Amino acid sequence: MKTSGSIIAEKIRKTGKSGELSIRSENLPTWCPGCGYFGIHQGMNQAIQNLKIPHHEIVMVSGIGCAGRYPFFVNTYGFHSAHGRTLPVATGIKMANPKLTVFAVGGDGDGLGIGGGHLPHMARKDINVNYILFDNSIYGLTKGQPSPTSMVGFKTKASPYGNEPAPLNGTLMALAYGASFVARLFAGDAKGIAAVLEQAIQHPGFSFLHIYSSCVTFDKQYKTWDFLNKNVHPTADGYDTSNHKDAINGVLEDDYTTGIIYWKKNA
Amino acid sequence: MDERHFVVIGNGPGGSQAALTLRRESPESRITVISKERGGFYPPHRIPELISGVISEEDLFVFSPGSFKERNIKLRSGQEVVDLDLRNQQVILEHKEKIPFDGLIIAVGGKPRIPEYLAVFSDLLMTLKTLQNAKDWVAKLSSAQKVLIVGGDLTSLAFSKILLSMQKQVYFLLSEEAFWPIRCTPALFEEVSLALARKGIHVLTPSQIRSLSVLPDKSIELRTDHDTVCADIIGAFFGLVPDIRFTARSGLKIDRGILVDEYLFTGFQGVYAAGDCAQIYHPQIQDYWVSIGHDNAVALGRIAAMNLLGSRVMANVSKESIFEVQDIKVNTSWWTEF
Amino acid sequence: MGGKDLTIEICGMSGDGTIAAGQLLNAALVNAGYSLLAFDSYPAEIRGFGRCVTHSRVGSGKMIALKNKAHVLISLDDQESVSRIPFLDTDAVVLFDNKPMAFLAENQSIAAHVEPEAKLIGVPFGDLSAGATGSRQGRNLVALGAFAGLFGVLPEFFNKAIEKKFSSKGKPVVDSNLACFQVGYQHVLEFYKEDISGDLGEASVHENKDSFLISGNEAIAMGALDANVHFYFGYPITPATPVMEILAEKLPKRGGKVMQMEDEIASIGAVIGSFFAGKRAMTATSGPGFALMTELIAHATVTETPAVIVNAQRGGPGTGLPTKTEQSDLQVAVYGGPGDSARIVWAPTDVQECYEFTLRSFQIAEKYQTPVILLTDFFLHNRVESLEKLSSAAEMISDGNLYPAEEKINAYKRYEITETGISPRALPGSEGFIFSATGLEHTEKGRPDYSSAIHMQMSEKRHRKIRGALSDLPPPVEYAPKGQLDLGIIAWGSTFGAALEAVTQEQEQGKRIGALKITSIFPFHEEVISAFMTKCREVLIPELNFEGQLANLIGHLHGKKVKRLNQVTGTPLTPWDIGEAIHSILKVLD
C-alpha cells in the first residue's frame with residue numbers, strides 16, 4: 001500500500017541516486033520503509049541546500065531512538081549522544097563555536113520523557129540551537145512501548161490494557177517554557193518542513209520544531225498516516241505568530257494546527 | 001546515692017589532705033578542690049629546695065592532677081574564689097561562676113605579709129611562697145649577686161642557707177617580725193645574729209627602713225636610719241597572713257584568720273576552716289590560737305574533713321605548745337620541720 | 001622537625017565572629033612568615049546557626065596534616081567550646097572571657113570543664129571591647145589580641161591583616177577592630193606576664209615572607225583559569241560550589257563564561273559538547289552529582305571526547321554527610337558508568353597539587369581524548385594552606401589535541417587504530433573531516449558496529465590509549481630509606497599528608513618504615529607500586545572509606561594481604577591515627 005511515507009521514501013531513493021541531495025551520507029537510513037522520518041530528512045536537506053550552509057559547519061546532535069540515528073544519515077559532523085541529553089551537548093557545542101549551525105534531534109521519548117528536564121532551560125536561556133522533535137508517540141527502537149505523547153488507551157505489549165496517562169503536549173510545553181520560536185509540522189509535508197526550517201535556522205535563538213510522524217511498524221491503529229492526514233491543517237490565514245497568548249490558546253484548543261505557531265522576533 | 005557536693009578551697013597541705021580524707025570517708029560524694037595556683041599539690045616548705053636545685057619541679061609535686069582524677073576529685077586549678085554566699089551555700093569564682101556546696105572546707109593558707117610601711121614598695125620586693133615565686137627567684141638569681149633579706153622570718157633563715165650554697169652575698173635586716181612565728185626575744189636575736197654572721201651573712205643594724213629606690217643599673221638601694229645598702233634582689237620575709245580577703249562579705253567571724261571552734265567549725269552549717277588561715281579556739285586557754293606549718297595543716301585538714309562528715313574530733317594541741325607572738329597565740333610544727 | 005608547631009582552635013557560636021577571627025589569625029601568622037594549614041567547621045544549617053570551629057596548625061616547617069589535639073583554644077562561647085576539650089592537649093592554653101555579663105551556674109563556664117593541667121587564661125573580652133569601642137561585638141578581636149600577647153606575635157602582623165580585611169568597610173570599622181585587638185594585647189602583657197611564652201615571636205619569623213593563603217577551592221579555580229578554560233558548566237553541590245562561584249566572577253573577565261545548568265547531567269553534557277567543538281570546559285561536583293554524570297562520562301570514553309571533571313568527595317553513601325570529608329568515590333570515579341569505561345583519574349594530596357593537577361588536566365584530557373577526573377575531597381577544598389608560589393609552565397597548558405593530517409581529507413577515519421591508541425581528532429568546522437561521534441560501538445570510521453571483532457579491537461585500542469597516559473601522569477613517590485622495610489604505608493588524597501607525617505615520626509625513632517604517595521589512581525603505575533610493596537614485610541593502606549577502595553584497586557600487587565586502616569568519621573585521618581595503626585602492626589612484627 002502506498003502511504004505518504006513510502007512515497008517520500010521512494011522519492012528520496014530516486015533523488016539520492018541523482019545526487020541532488022548531497023547532504024545524504026553514504027549510509028542508508030535504518031528507518032522502516034514508510035517511516036515519517038524520511039520526510040523530515042528531506043525537509044532538512046532542502047533547507048540546508050537553500051541556505052547553502054557548508055556541511056562541515058553543521059553539527060547534528062542526537063539522542064537515542066530511531067531519530068537518534070539521524071547523524072549517520074547526513075554528511076555533517078554529528079554527535080550521537082546519550083538518551084535525553086541532546087540539548088546539553090548541543091549547548092556546549094554551540095557555545096564553544098558559535099559559527100556552527102547546531103541541530104538537536106530526537107524522538108518524543110528522548111525529548112519529553114528522559115530529556116524533559118532540559119527543555120525548559122534551553123528555552124529560557126534561548127540558546128541558538130535548532131531542536132527537532134520527531135514525535136511518533138511511541139518508543140519504536142525498543143519495539144513499541146507507549147511514550148509521553150501516546151494517546152490514552154494505546155495498546156502495546158507494555159500496555160496490554162491500554163495506555164493510562166494522558167499525553168503531554170510538546171508544543172504547549174515549548175510555548176509555556178518561553179521558547180522564542182515554536183513550530184508544529186507534519187512529516188508528510190517535506191516542503192513545509194523545509195520552509196519553516198529555513199526560518200528556524202536563521203532565527204538567532206532557540207527554535208523548537210515539533211514534527212508529527214507515524215510509526216508504521218508498531219502503531220497501525222492510533223497515530224497512523226491516515227489519522228494524521230485527516231487531522232493536520234495549517235494555521236489560519238493571517239495568523240499572528242507574534243501573539244504568545246493567542247498561540248497558547250490556539251494550541252490548547254487544537255492539537256493539529258501546523259506552521260510557525262509562535263515567533264518572537266527580536267527588534 | 002550520695003548527692004552531696006563538698007568543696008575545698010585551697011590545695012596546700014591542709015586542703016589536699018581534707019579532700020583525700022573526704023574521698024576516703026565518703027566514696028560516692030562529689031568533691032571539688034579549688035586552687036588559686038595552677039598544678040597539683042606540693043608542700044610549700046620545700047619550695048626553697050627547688051630554688052637551689054636540690055629537687056626538680058617534678059620531685060616537688062606530691063600529688064599530680066592525675067592523682068586527683070584517679071580519686072574522682074575535681075580539681076579547679078588556677079581558679080580563684082572571690083566571694084562566699086553562705087546563706088545560699090555557694091562559692092563564687094573570679095570568672096563569675098557560682099558553685100553550690102553541701103559542705104565547705106576553707107584551707108587557703110597564708111600569703112606573705114608585707115608590713116604597712118613597706119606596702120608602697122611592694123613592687124620592688126620579692127616574696128617566697130608559691131611555685132611561681134620560686135621560678136621568679138630562680139630567674140633573677142641567675143644574674144644576681146647580692147641578696148638583701150628584710151624581715152627575717154624562719155623561712156628566710158632556712159633560705160639564707162640555700163643562698164649561701166649558691167655563692168650569693170647575703171645581707172639580713174632583721175625587724176621585729178624576725179623569726180616569725182617564733183617570738184623574737186633580745187637573747188634569741190643576739191644568738192641568731194651571731195650564728196648568721198658566722199656563716200658569712202652580713203647582719204645590718206636593725207633600724208627603720210626609710211626608702212627604697214631603683215638605681216640606673218637596675219639594682220635596688222635601701223636606706224635605713226643606719227645604713228645604705230645596694231642589692232640585686234630584696235626579699236621580704238615577714239611571715240604569713242591568712243589569705244582570706246574573699247571572706248570579707250561572707251559573714252564569717254574574722255580576726256586575723258577565720259575564727260573556728262575546737263572542731264574547726266565556723267558556726268555556718270557545713271562550713272569549716274583548717275590550716276594557716278584559721279584561728280582555733282582552745283578551751284583550756286580560752287583563747288584562739290593560730291596554726292602554722294605543714295604538718296599542722298595536714299592534721300587539721302584531716303580533722304576538718306572528719307568533722308564535716310559528722311565526727312567530733314578536736315584540733316588538739318597541748319596548751320604548753322602554744323606560745324605568743326605579737327599578741328597572737330601560735331603553735332607551730334615548724335620545730336619539727338627544721 | 002625541631003621548630004614551632006602549634007595548633008590553635010577558636011570556637012564560638014555563629015554571630016561571635018569565630019570564622020572572621022580564624023581568618024585574621026591565619027593571615028597574621030602568614031604575615032609573620034609562618035607556614036600554615038587551617039581547616040574550619042561550619043554549621044550545616046542554611047541559616048548558619050550553630051557551632052563554628054576554626055582550626056589552624058602553624059609552625060616553621062610545611063604543615064601537611066592536622067594534629068588530633070590542639071594546644072590552644074580560644075573560647076568565644078563557653079557552652080560550644082566545651083565540646084572541644086576532648087580534642088585539646090592536657091596542658092593546653094585555654095583563653096576565655098572571665099567576665100561574662102551575668103553570673104553563671106556551676107559548669108556553665110569552660111573553667112569547669114578544662115583539665116586541671118590546662119593553662120586557663122581569663123580575659124574580659126566583652127568588657128574590654130565595650131571599653132574600647134562601646135560595644136561587646138569586638139570580643140573576637142580582643143581575644144586575638146590576648147592570643148598575640150601570650151604567644152609573642154608582633155601586633156604589626158595582626159594590624160596588617162585587620163586593615164586588609166576591613167578596609168572596604170571604612171576607617172571607623174578598621175579602627176575599632178584595631179582598638180579591640182590592642183586592648184586584648186595590652187591586657188595580657190599586664191596581667192599574664194608569667195604566662196607569656198613567645199612561642200610565635202619574632203625570633204622564629206622565617207623566610208617565607210611572600211607566602212600567601214589559598215584554599216583548595218581557589219587553587220582549583222586558579223588552575224583552570226591558568227589553563228585558559230573557557231567554560232564552566234555546573235550545578236551547586238557541597239563542597240564544590242565555591243569553585244563555580246570563584247570562576248563565575250573571574251572567568252568573564254578572561255572572556256569565558258560560567259553557566260549554571262539545570263542538573264549535573266546537563267553540566268557534563270555541555271562540557272563534553274564544548275570539548276567536542278574544541279573549547280576547554282570543566283565541571284565540579286560531589287558524589288551524588290558525579291553518580292548522575294557517570295552515564296555521559298562512560299559515553300565520552302567511547303566517543304573519545306575529552307572532559308574535565310572535579311569530584312569533591314564528601315561523606316556518603318547517597319546524600320550522605322554533605323559537610324564532612326571522605327574518600328569513598330574512588331571506584332565510581334574509575335569505573336562508574338556502563339561497561340568497561342575506565343578513564344583517567346588522579347588525586348591531589350594538597351592545595352599545591354590541586355592547582356597543578358587542575359592546570360594539567362585539560363591538556364591530558366585533550367591528548368588522551370577521554371574524561372579526566374580530578375578526585376578531591378571536602379578537606380582539600382575547604383582547607384587553606386600558606387604557599388609560596390603557584391607556577392605553571394607553558395608546556396603544561398598547551399593544546400593537547402592531535403589533529404588529522406592534510407592527507408586524510410575525505411579519507412578520514414575518526415577512530416583510526418594507531419600505535420598509541422590515540423586517533424587524530426577533527427573539530428567540527430574543519431572541512432574534509434566530517435564524522436559522527438557515537439556512543440555505540442563503532443568501526444574506525446565511526447559507523448555503529450556490534451560485531452565481535454570490532455568490539456574486541458576497539459576495546460583494546462581504547463584501553464591501550466588510556467594506559468599510555470602513564471607517561472604523562474605523576475608516578476608514585478617514595479619516602480623511605482634504602483633497603484628492606486618492615487612496613488610501607490601507601491596513601492592517597494588528603495590522607496597522604498597524615499601518613500607522611502606519621503611515617504617521618506617513626507623514621508626519626510629509627511623504624512624501618514616508608515611511605516608511598518599515589519596520585520595517579522587510574523591508570524596506576526603497577527611496576528613502581530609492586531617494587532615498593534616487594535621491599536615491605538607489611539603494607540598498610542589508610543583511607544577514608546569503609547572497604548578500602550584503593551586497597552581493592554592495587555592490593556593484589558602485594559604478595560600477601562595488605563593491611564587496611566579504614567575510617568569514616570567524616571574527619572580527616574591524623575598522623576596520630578595512622579601512628580597507632582603503625583604501632584600495632586610493628587608490635588606484631590617484632
Side-chain angles (χ1 to χ4, degrees), chain A residues 23 25-28 30 53-64 68-102 104 114-125 127 129 141 177, chain C residues 230-233 235 256-257 259-281 283 292-300 302-303 305 307 337-338 409-410 412 414 426-440 442 445-448:
Chain A
I23 192 89
S25 74
E26 60 187 8
N27 301 314
L28 272 178
T30 50
I53 306 172
H55 298 165
H56 60 271
E57 285 180 12
I58 300 173
V59 185
M60 293 288 174
V61 184
S62 66
I64 301 292
R69 298 303 177 101
Y70 194 58
F72 302 114
F73 313 145
V74 289
N75 199 23
T76 65
Y77 280 95
F79 195 102
H80 181 206
S81 135
H83 199 16
R85 313 301 172 194
T86 56
L87 294 178
V89 174
T91 301
I93 294 172
K94 182 67 182 182
M95 282 178 69
N97 188 346
K99 283 206 221 81
L100 299 169
T101 302
V102 181
I114 183 170
H118 299 303
L119 182 59
H121 303 279
M122 206 64 181
R124 64 191 264 259
K125 287 177 188 167
I127 312 263
V129 161
L141 191 62
Y177 293 147
Chain C
H230 293 270
F231 299 114
Y232 179 97
F233 297 105
Y235 191 77
K257 192 178 165 90
M259 183 181 272
Q260 188 177 305
M261 306 301 282
E262 57 272 23
D263 54 42
E264 286 88 347
I265 300 173
S267 302
I268 183 64
V271 169
I272 290 168
S274 179
F275 262 109
F276 178 72
K279 284 277 174 24
R280 292 179 169 177
T283 187
L292 288 175
M293 296 183 183
T294 54
E295 184 195 15
L296 279 173
I297 288 172
H299 193 275
V302 179
T303 60
T305 312
I409 284 186
N410 296 323
Y412 175 54
R414 166 66 185 96
L427 300 179
S430 336
E431 199 171 347
F433 295 105
I434 281 175
F435 74 94
S436 274
T438 176
L440 292 170
H442 46 257
K445 276 205 184 142
R447 194 205 294 202

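From a predicted model like this one, the values you see are computed outputs, not experimental measurements. Protein chains get the first letters and strands the later ones, always in sequence-line order, with residue 1 at the start of each.
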Heavy-atom side-chain contact between C:P448 and A:F72 under 4.5 Å: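 Sidechains of A:F72 and C:P448: in contact.
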Hey, are the side chains of C:F276 and A:V89 touching, using non-hydrogen atoms and a 4.5 Å cut-off?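 Sidechains of A:V89 and C:F276: no contact.
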If you tally heavy-atom pairs under 4.5 Å against chain A, which of [options] wins?
{"options": "C:R414, C:R280, C:R447", "result": "C:R447"}
{"options": "C:S274, C:A298, C:A277, C:G432", "result": "C:S274"}
{"options": "C:L440, C:I272, C:I265", "result": "C:I265"}
{"options": "C:G269, C:G446, C:P428", "result": "C:P428"}

With a 4.5 angstrom heavy-atom cut-off, which part of [X] approaches chain A: side chain, backbone, both or neither?
{"X": "C:I268", "value": "neither"}
{"X": "C:S267", "value": "neither"}
{"X": "C:A266", "value": "both"}
{"X": "C:T303", "value": "side chain"}
{"X": "C:F275", "value": "neither"}
{"X": "C:H230", "value": "neither"}

CA sep, side-chain torsions, deciding dist, call: A:M95, C:F231, side chain to side chain contact (heavy atoms under 4.5 Å, CB included): CA-CA 9 Å; A:M95 282 178 69; C:F231 299 114; 3.6 Å; yes
With a 4.5 Å cut-off on heavy-atom pairs, point out which of A:N97, A:T76, A:L87, A:V61 contacts chain C the most.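 Counting heavy-atom pairs under 4.5 Å, the top option is A:T76.
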Which residue in the set A:E57, A:H55, A:H56 passes side chain to side chain contact (heavy atoms under 4.5 Å, CB included) when paired with C:E431?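 Between C:E431 and the candidates, side chain to side chain contact (heavy atoms under 4.5 Å, CB included) is satisfied uniquely by A:H56.
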I need the minimum non-hydrogen distance between A:G78 and C:S436, along with the two atoms involved.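 Closest pair (atom of A:G78, atom of C:S436, distance): CA-OG, 3.2 Å.
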Provide the closest heavy-atom pair for A:A82 versus C:E295 in the form atom of the first, atom of the second, distance.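 Shortest heavy-atom separation between A:A82 and C:E295 comes out as CB-OE2, 3.6 Å.
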Go through the steps to decide whether A:R69 and C:T438 satisfy the test side chain to side chain contact (heavy atoms under 4.5 Å, CB included), and finish with yes or no. CA-CA 9 Å; A:R69 298 303 177 101; C:T438 176; over 6 Å; no
What's the spacing between C:M261 CE and A:T91 OG1 if we round to 0.5 Å?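 So the gap between those two atoms works out to 5.0 Å.
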List the atom pairs, donor and acceptor, that lie under 3.5 Å between side-chain atoms in residues 114-125 of chain A and the rest of the protein, sequence neighbours left out.
from	atom 1	to	atom 2	distance (Å)
A:H118	ND1	C:E262	OE2	2.6
A:H118	NE2	A:R85	NH1	2.8
A:H121	ND1	A:R124	NH1	2.7
A:K125	NZ	C:Q260	O	3.0

Do any N or O atoms from the side chain of A:Y77 and from the backbone of C:A426 form a donor-acceptor pair under 3.5 angstrom?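 Judged by distance alone, no pair lies under 3.5 Å.
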